[in-house]
Amino acid sequence: MVPRGSGGGGGGVGGGLLENANPLIYERSGERPVTAGEEDEQVPDSIDAQSPFLHLTHLIRSINDPEHPLTLEELNVVEQVRVQVSDPESTVAVAFTPTIPHCSMATLIGLSIKVKLLRSLPQRFKMDVHITPGTHASEHAVNKQLADKERVAAALENTHLLEVVNQCLSARS
């Protein structure tokens with residue numbers, strides 16, 4: 001397994017010491033060209049991995065890491081191969097890979113992904129945001145929290161936590 005950086009604590013939202021002060025940084029992917037058929041307003045857009053308007057990887061790749069001035073894409077936390085979409089079944093599954101096995105920010109990262117999807121997709125979609133199997137020491141506990149609608153709703157009622165999530169979702173200057 002390739003060592004990854006980031007974790008909990010430091011230069012971003014959380015403050016304190018970084019669990020991994022020197023994360024591996026990956027190159028951002030380029031924008032995919034839009035085809036003529038995709039620009040046709042008469043053709044309904046489907047939601048899949050290739051749709052330029054609701055391209056899920058595009059939606060979540062620019063989410064900011066809570067502690068580094070980098071995006072989830074730059075840290076390789078989210079990758080298109082780990083995003084599964086079925087428009088006919090109205091389902092979305094996103095597996096994310098924390099940068100280190102003991103990343104204390106894993107729940108916050110998952111919550112940020114979930115909130116971005118909740119705000120961006122039609123309500124008909126059922127979302128499953130989870131840690132890539134075998135990549136985090138507490139993956140079962142984090143996945144259980146992210147799958148629990150009541151816990152997610154309660155988390156989003158916490159004004160401080162919502163502010164932190166919004167910082168992760170805001171564009172960096």
For this session: Dump the intermediate steps for side-chain contact (heavy atoms from CB on, under 4.5 Å) on V92 and L121, then the final yes or no.
Result: CA-CA 10 Å; V92 172; L121 294 175; 3.8 Å; yes
For this session: Identify the heavy atoms of G134 and E139 that sit nearest to each other, and give their distance.
Result: N-OE1, 2.6 Å
Exercise. Can you check whether V94 reaches L117 side chain to side chain, under 4.5 Å on heavy atoms?
Worked result: yes
For this session: Could you walk me through whether L118 and M127 pass side-chain contact (heavy atoms from CB on, under 4.5 Å), step by step?
Result: CA-CA 8 Å; L118 286 168; M127 289 165 236; 3.6 Å; yes
For this session: Kindly compute the distance separating CD1 (I109) from CD1 (I60), expressed to the nearest 0.5 Å.
Result: 12.0 Å
Problem set entry | Counterpart residues, side chain to side chain donor-acceptor pair (under 3.5 Å), relative to N166 (two or more places apart) | R119
Problem set entry | Close side-chain approach of V77 to P98, heavy-atom, < 4.5 Å | no
Exercise. What residues, two or more places apart in sequence or in another chain, satisfy side chain to side chain donor-acceptor pair (under 3.5 Å) together with Q145?
Worked result: T107
Exercise. So, for V129 and G110, which heavy atoms are closest and what is the spacing to 0.1 Å?
Worked result: CG1-O, 3.7 Å
Problem set entry | Main-chain N/O of C103 paired to H136 side chain as donor or acceptor, under 3.5 Å | yes
For this session: May I ask you to decide if E74's main-chain N or O and T71's side chain share a donor-acceptor pair within less than 3.5 Å?
Result: yes
For this session: Output all residues satisfying side chain to side chain contact (heavy atoms under 4.5 Å, CB included) with S170, sequence neighbours left out; order by chain, then residue number.
Result: N64
Exercise. Which atom names give the shortest non-hydrogen contact between D65 and E67, and what distance separates them?
Worked result: OD2-N, 2.9 Å
Problem set entry | Check: R124 and D87 side chains under 4.5 Å, non-hydrogen atoms | yes
Problem set entry | Main-chain N/O of T97 paired with T135 side-chain donor or acceptor, under 3.5 Å | no
For this session: Dump the intermediate steps for side-chain contact (heavy atoms from CB on, under 4.5 Å) on I63 and L169, then the final yes or no.
Result: CA-CA 5 Å; I63 295 172; L169 299 181; 3.7 Å; yes
Seminar exercise, completed: The side chain to side chain contact (heavy atoms under 4.5 Å, CB included) partners of Q123 (sequence neighbours excluded) come to none
For this session: Quick one: pull up NE2 in H102 and OG in S138 and give me the separation to the nearest 0.5 Å.
Result: 8.0 Å
Exercise. Who passes side chain to side chain donor-acceptor pair (under 3.5 Å) against N143, sequence neighbours left out?
Worked result: none
Problem set entry | Under-4.0 Å salt bridge between D128 and K114 | no
Exercise. Are K126 and S90 side-chain neighbours, meaning at least one heavy-atom pair lies under 4.5 Å?
Worked result: no
Please tabulate, for side-chain N and O atoms in residues 151-162, each donor-acceptor pair with protein atoms closer than 3.5 Å (sequence neighbours left out).
unit_1: N158; atom_1: OD1; unit_2: H160; atom_2: N; d: 3.0
unit_1: N158; atom_1: OD1; unit_2: L161; atom_2: N; d: 3.0

Problem set entry | H130 side, atom NE2; T132 side, atom OG1 - distance, nearest 0.5 Å | 6.5 Å
Exercise. Should L72 and F96 count as side-chain neighbours, where that means a heavy-atom distance under 4.5 Å?
Worked result: no
Problem set entry | Straight-line distance of H140 NE2 to I131 CD1, nearest 0.5 Å | 11.5 Å
For this session: Output yes when a side-chain donor or acceptor of E73 lies under 3.5 Å from a complementary backbone atom of V78, and no otherwise.
Result: no
Exercise. Where the side chain of S86 meets the backbone of E89, is there a donor-acceptor pair that is under 3.5 Å apart?
Worked result: yes
